[in-house]
Amino acid sequence: MAWISETDLGTKPAPDSARTVSLRIDGDTVTVPEGTSIMRAAALRGTNIPKLCATDRLDAFGSCRLCLVEIEGRAGYPASCTTPVTEGMVVRTESAKLAKLRRGVMELYISDHPLDCLTCSANGDCELQDQAGAVGLRDVRYGYDGANHLQAAKDESNPYFDFDPAKCIVCSRCVRACDEVQGTFALTIDGSGFGSKVVASADEGFLPSECVSCGACVQACPTSALIEKTVTDIGTPDRAIVTTCAYCGVGCTFRAEMRGEQLVRMVPWKEGKANRGHSCVKGRFAWGYANHRDRILNPMIRESVDQPWREVSWDEAIAHTASEFRRIQAKYGTRSVGGITSSRCTNEETFLVQKLIRQGFGNNNVDTCARVCHSPTGYGLSTTFGTSAGTQDFDSVEHSDVIMVIGANPTDGHPVFASRMKQRLRQGARLIVVDPRRIDLVHSPHVDAAHHLPLKPGTNVAVLTAMAHVVVTEGLADEAFIRERCDWDEYSDWAAFVAQPERSPEATAALTGVPAADLRAAARLFATGGNGAIYYGLGVTEHSQGSSTVMAIANLAMATGNIGREGVGVNPLRGQNNVQGSCDMGSFPHEYSGYRHVSDPATRTLFETAWGVSLDPEPGLRIPNMLDAATDGTFKALFIQGEDILQSDPNTHHVAAGLAAMECVVVQDLFLNETANYAHIFLPGSTFLEKDGTFTNAERRIQLVRKVMDPLNGYADWEIVQLVAQALGLDWQYTHPSEIMDEIAALTPTFAKVSYLALEEHGSLQWPATDAAPLGTPTMHVDGFVRGKGKFVVADYVPTDERTGPRFPLLLTTGRILSQYNVGAQTRRTENVAWHAEDRLEIHPHDAENRGLRDGDWVSLRSRAGETTLRALITDRVAPGVVYTTFHHPDTQANVITTDYSDWATNCPEYKVTAVEVSPSNGPSEWQRAYADQAARARRIETEAAE
Amino acid sequence: MTPNETAPPDTAYADAATRLLRGRPATRDALLPLLHALQDEFGYIADAMIPVVAAALNLSRADVHGVVTFYHDFRRAPAGAHLVRLCRAESCQARGAATIERIATQRLGVTMGATSADGRVTVEPVYCLGLCATGPNALVDGRPVSRLDAAKLERIAAEVLA
Amino acid sequence: MIRAYVSGDMASVALGADEVVAALAVRGVEVVRTGSRGLFRIEPLVEIDTPEGRIAYGPVEANEIDAVLDGTHASRIGRIEDHPFFARQQRFTFARCGVIDPLSLDDYAAHGGWQALDKARALTPQAVVDEVKASGLRGRGGAGFPTGIKWQTVLDTRSPEKFIVCNADEGDSGTFADRMLMEGDPFCLIEGMAIAAHAVGAGHGFIYIRSEYPFAIRVMQAAITRAAPRIAPFALEVRVGAGAYVCGEETALLDSIEGKRGQVRAKPPLPAIEGLFGRPTVINNVLSLAAVPFIVAEGAQAYQAVGFGRSRGTMPIQLAGNVRNGGLFEAGFGITLGELVNDIGGGTETGRPVKAVQVGGPLGAYFPPAMFDLPFDYEAFAAAGGLIGHAGITVFDDTVDMAHMARFAMEFCAHESCGKCTPCRIGAVRGMETIDRIVGGGRQPGGLEAMPQMRNAAARPRDRAAEIALLRDLCDTMKFGSLCALGGFTPYPVLSALDHFPQDFDQPATAQAAE
Amino acid sequence: MSDTMMSTTDRLVYMANQIARNFAIEGEEVAIEATRRHIRRYWDPLMRQRVIASLAADPAQFSDIARGAVEALRDAAG
């Protein structure tokens, strides 16, 4: 389906060119950049030349032949989409001859097209219909008895959209969108000539095919051949609200297209600077959870977790919450309570939760789920560069020559950015993948990494140090950059360290499992291949040396001069929509918004003045410390907004024990999540569709979240926190999240110029947005590092204590899959389960054979921490000795297995390395059965139970 | 698709693909040569070859399927034991190809473009063999035959129906 | 020992040359397989080495060999050069074809081979390009674009990699010159490509040969292997088509080499700037490239001196279809159609009157004998509503039904359409249907159009004149709207048939009687 | 049920040692100060008290660097 009420200039903008060209179109002089098509030049002037195969998202194709024009001095009727303007060209877009030709083409189209427009799902939003009108077609003289495709069967296999080949005009926009935009190449034209038809893969139907359901084809379709089922069901949208996706850290902007109060579809917004009009299956389609019957809409309380829930009024729930926290603090002390902010919520909501804790609870016991994902990024990058964030914007990848992906799986985890990366790779950039697993970027259709370094989980620092060893010992370091931008003495110390023979690729190969020659070649390529950019994910951070790895990455980038311009940089791929934002907002126990330590008197005074209370100068507890303290009896109450720590945090037994030891656990969430099994108060949350606010994505881009519909639960999350604060006696009077942002801006220098007004005006801002850079900062450290000189930190490889042995001979590592998101709370409640209905354990054929396992067998997965069962997937994607699983399904409880080892600097859990054993099994483990029973009991709701 | 009881397993296709690619970089431009080689060896492009070829050249299945179905040469089912390709382009038409086509299909007991029920012979059209001064022309199991007439057709029929 | 020369050309083999060779071998005759001389009426042709030169006999059957060997065969021709069909020709490009052993490097060198390459390599690339420009050589594939200008563009485009691609996807019915040249003198093409490579700075070349030419594929592959050291560092390889006529269109051909569906690319960008694998590419027809060694060796002037108007040099013209002296006739431009068909071709083979000739393959116009004074020249043919194309002339006698041929043109277009552009993809099928209705006398409104819900559709019957008007409109849409020559030129045979042979589009007699 | 369940005190000692190990490459003196600073900066007061207390209970569970750092913390707190 086409974009409604968005202008489509027909062809892409001309590649950057300083030169302009003037020409005459229909008598007017038009001046456009050199390389612009006639079609685009005309559209910029307001003349819409008829078109069907052209769209400004795709390369000009020239197949529909509606856009023919006349050019003085040129024979024939060139297609305006594929003909670039030239100086002095004289173009006519309308003439009797052109009108006749266009009608002739349209007559052919309509001779093989259904005629029941009035009952078509795309009625009113169909380019074919529009163009038939535009060219003035009145009759089809061929009649309707000729050969046609009107009997073709519909493909309804995809849960979100239908394909009706009878309505297809074979413009190839879907095929081209899949190739050019998404980069999956799942669609093709089958056959040739009149028999040409669009098919998925080898004519397999969309669902079984290679299609990843990103929706680009549906968006590209000019008719209703490809159309969202929701449009068919509900009708064409009549308005659209631009908002920001609440899934991953890419931060795609979408048009929420509405019909009345009903959301019809989410369509990626062309102007979105993070996604440039692209989307993935989650953001585009998986929003049905917002109306899922599992959603809890009324507050509930209970005295103890073995009781059923009791629905109460908001007033009662809020008053009860406040009195419980006051009671517990009175009994156990100020520091006996705390809270957890959510990377899923808005900046404003996150800011309010940490404010509630610092101002209302009077301590710094606030932490966020970023603890378990990107806290080492914060530590590592602020230590080396001075800023706790990635250095680039996403556009930067278009200027990269060598891309190194470490411990990230962008095609699954950050698919929209992965598509842009793949576009650059198809243009010739080269790729280095450092990952224990053969992810799709290593080798998949049209992508072939130059080097894959399949390291043993847990050896990141050794591998990066060996790369640095090559750079330094082979004289590939960028000395000019280092002398200008870094501290030379620190560099020299570091260089001497990495140059030690025992750090060489050869010396560490046995340890890392990476062949030395490959590692050397990769290092040389990165150092000498032009603009080198590093993208990394949780495979870097979620280790006992997560912070060291981040610093090793920063060292490598500085040593090769790859910081401070487009195309380079160190780029964490953030897992959740607002990880960056929640960290920025002061969600960590040791720092206020803008990463300022609580012990800093000036900052504290600023906040004390603004908030009218004295604030605790001592750092608070991190999540694992809170749980420890709870088991020890010193921590008694926890306010959790939008996070499911029981499922997402490591060593589930430890989490469960901690939660069980508390007197009051408040969960604010959409669903009765796993953590809520241990909760005493449940405050129903609102979805991103139901509130205003902002998210900050992985490129530090602050984007508006706009309310599309009223909260089903009655309140936006920020309102609920405000009610709690007011009940605690705090004088909060926010009437709109923009006022919260104003407070953030006033208290946070890097946000100084951020306001809703500015965001409305510019679409988005990348912090720092200061007086010096009022429009934000796409690329950081351009003229110098934020901390002054870039700091080389000697990061020594310290092996994890989690080791394989006779009992646990395999290493488990974990990750994500495209169709599911995080703990699956949302995506499991959508049709995305069609692609991934359960977590599977990937195991190498060799290891499987040794254990007598066949593909699909139930297996028991055991570690020192616990045991679970799931089904095996035998694949050589993983190396022998390594097994892999996802953690999207609570039934699996992969975190029963993971241990509480963690990053030395930040306590970010070591999710990525667990020694395990795998053996045949015939069903759920004892724990799984017990857990299922407990969960069922804990989820009882009295009003239902009474019926 | 004619079921082929002796259809080799996919691993045979994968092995063949590897062998047939030898000496040639596994880039996309090897696709047509590889498909030709597979068809030469197995007689047709089996469905099961599509993912094998896609994997060998790092293409999507859609890429391979699109190419296989685009070109008339690639057959999706085995041909008959004998293959008679009759030219029906203009120069042969000018020399009586239509009559020859009628006689040939009648004599061989098969319609144009089809394989006889007993699998003995497939008759297919071809558009020009570059023998345009000496038509009507045919390729009989790869052997060119010009100036086709009833007598020559009879000899061909005797050969392929034997 | 007696030495005989027998063509191994695919046409000769199709006429029984292999059987003749077997008979010669049995008698201990040393046989040299050559290309074809190019007159198929005298094939299989046997030439015997004698002190008076090569004495030809043809046609010869295998069971007549003894008569050939004792010189008593009734079809004794004598020296082939003296045969009137050959005496009238100017063989610049085909000088060696039929004379030498195509795969003998010695033969090739002995007949002037490689002189041009050596000469070219001693010149600057620009000097070679200038020479080709000065020769007036125009693309022999059909479009007639000046070859030298194309080369100049490739030479001027900076790139780390450039390609020479030879379009040997000769799919036009009525043409076989490319095939004959590749089978009869493959080194000539290789030399032409090597010169092109030097002229533009290309390192790699491809010869894209249609799969319907198994002999040419075999010979070219063997020739490339043998010539590889001679043309190094330039490297060549053969790519085999897969039965798609549209791949004769240069951009579709490039996509096909790249391993894609052979769909036509929009131009610009020109292949000379962004061609194969996105690199600057010379893509020329076999005959264009094969003309280059003569031009370089003999000088542009020698080539340019021959010809007519802006069409310079010689053209290997192919006489095909229902023609007595079918074969290859290389001559300077300017010879008239009538001379070609009647004088040289000797009229129809059936002996019936010529009704029409189609020039330039399936996309070429049909001309009636009334237009036989047309000179063979790009511009003259264009002015007459036709095209030279690849210079194939297919002759039809008076039994041909031109409405059927018009329909066949649409049918062929439908069969071979790549499916990318709408006028060709849908238009060709509608064209077939419309011609069927014309022949059927028009049509009644269809069931759907007669429904009361259909207010805008014309509910009246459509007579033949209306259907012919529709066919003309369709041809207009296809001609000006199509992306490439397949859809764009299909109207030539259709409209020329309609214009010159309107009576054939009348209702069949049976239908008239029924009314 | 779980092998890895440590007591809170054990875990704090483990953490101190782990921090110390990662600074060890800098040499003992620098590493002790870096470890101390890290704990001071990121640990809540109760955690610091507990780790100091465990030093008195069993100094041998600490590495040299960690012990040095905790001693420094203790002395500063004292």
Side-chain angles (χ1 to χ4, degrees), chain A residues 37 52-53 59-66 68 75-79 81-84 97-98 100-113 115-116 118 137-149 169-172 175 188-197 427-428, chain C residues 244 246 260-269 278 413-434 436-437 443-449 451 453-454 456-458 462 466-467 469-470 473-484 486-488:
Chain A
S37 71
L52 279 170
C53 72
D59 291 338
F61 193 57
S63 78
C64 77
R65 316 310 287 174
L66 276 180
L68 308 179
Y77 303 87
C81 61
T82 55
T83 309
K97 178 72 177 181
L98 289 172
K100 188 173 175 225
L101 287 175
R102 289 172 186 159
R103 264 199 300 277
V105 171
M106 186 56 73
E107 191 174 10
L108 290 172
Y109 273 123
I110 304 305
S111 73
D112 184 16
H113 197 86
L115 297 177
D116 45 352
L118 291 178
L137 184 68
R138 296 290 174 263
D139 188 11
V140 175
R141 294 168 292 168
Y142 302 107
Y144 302 100
D145 303 330
N148 60 58
H149 299 83
I169 60 168
V170 201
C171 62
S172 294
V175 179
T188 187
I189 303 291
D190 172 303
S192 60
F194 191 72
S196 301
K197 58 173 184 169
Q427 290 169 358
Chain C
V246 74
K260 298 174 183 162
R261 296 163 52 81
Q263 284 199 329
V264 178
R265 301 180 187 169
K267 285 188 280 197
C413 180
H415 187 263
E416 298 297 343
S417 169
C418 80
K420 181 169 175 178
C421 78
T422 316
C424 177
R425 176 172 59 90
I426 305 180
V429 170
R430 296 290 171 254
M432 285 158 55
E433 294 165 355
T434 305
D436 286 346
R437 292 197 302 270
R443 71 174 178 98
Q444 297 300 313
L448 182 61
E449 289 158 293
M451 299 290 282
Q453 287 86 346
M454 300 292 283
N456 304 325
R462 296 176 56 84
E467 294 291 354
L470 175 58
D473 276 358
L474 171 63
C475 284
D476 197 53
T477 303
M478 289 177 72
K479 181 174 177 180
F480 296 112
S482 294
L483 184 55
C484 83
L486 178 53

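In what follows, every chain begins at residue 1, and chains take the letters A, B, ... in the order their sequences are listed.
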note = chain A shares the most heavy-atom pairs under 4.5 Å, among C:E416, C:Q263, C:R265, C:E449, with C:E449
key: Parallel, tilted or perpendicular, as decided by the 30° and 60° cut-offs, for the rings of A:Y77 and C:F480   = perpendicular
Which atoms of A:S192 approach chain C - backbone, side chain, both or neither, heavy atom under 4.5 Å = both
key: Interface moiety of C:L483 toward chain A, non-hydrogen atoms closer than 4.5 Å   = both
message = What verdict does the side-chain contact (heavy atoms from CB on, under 4.5 Å) test give for A:Y144 and C:M454, after you've listed the backbone C-alpha separation in whole Å, the side-chain angles of each residue and the deciding distance to 0.1 Å?
response = CA-CA 12 Å; A:Y144 302 100; C:M454 300 292 283; 3.8 Å; yes
query = Side chain, backbone, both or neither: which part of A:L101 has a non-hydrogen atom closer than 4.5 Å to chain C?
reply = both
request  = Name the option with the most non-hydrogen atom pairs under 4.5 Å to chain A; the candidates are C:A466, C:S417, C:C424.
outcome  = C:S417
Whether C:S482 side chain and C:K479 backbone form a donor-acceptor pair below 3.5 Å = no
task = Measure distances from A:S172 to the heavy atoms of chain C and classify the residue's part below 4.5 Å as side chain, backbone, both or neither.
result = neither
query = So, A:T188 side chain and A:D190 main chain: donor-acceptor pair closer than 3.5 Å or not?
reply = no
remark   = Assert top hit (heavy-atom pairs under 4.5 Å, partner chain C, pool A:Y142, A:Y109, A:F61) equals A:Y142
inquiry  = side-chain contact (heavy atoms from CB on, under 4.5 Å) for A:V170 and C:T422? Distances and angles first, verdict last.
reply    = CA-CA 9 Å; A:V170 201; C:T422 316; over 6 Å; no
note = Under 4.5 Å to a heavy atom of chain C? For A:R138 that would be backbone
message = Which atoms of A:V140 are under 4.5 Å from chain C, going by heavy atoms: the side chain, the backbone, both sets, or neither?
response = backbone
note = Checked C:D476, C:V264, C:N456 vs chain A; the most non-hydrogen pairs under 4.5 Å come from C:D476
key: Heavy-atom proximity to chain C below 4.5 Å, by part of A:D145   = side chain
Option in C:R437, C:H415, C:Q453, C:R425 with maximal non-hydrogen atom pairs under 4.5 Å from chain A = C:R425
request  = Sort A:L52 into side chain, backbone, both or neither according to what part of it lies under 4.5 angstrom from a heavy atom of chain C.
outcome  = neither
remark   = Only residue of A:R103, A:K100, A:E107 satisfying side-chain contact (heavy atoms from CB on, under 4.5 Å) with C:D473 is A:K100
message = Distance alone, cut at 3.5 Å: any donor-acceptor contact between the side chains of C:R430 and A:S111?
response = yes
key: Basic-acidic side-chain contact under 4.0 Å: C:R443, C:E433   = no
task = Could you tell me whether a side-chain N or O of A:D112 sits under 3.5 Å from a main-chain N or O of A:A147, the two making a donor and an acceptor?
result = no
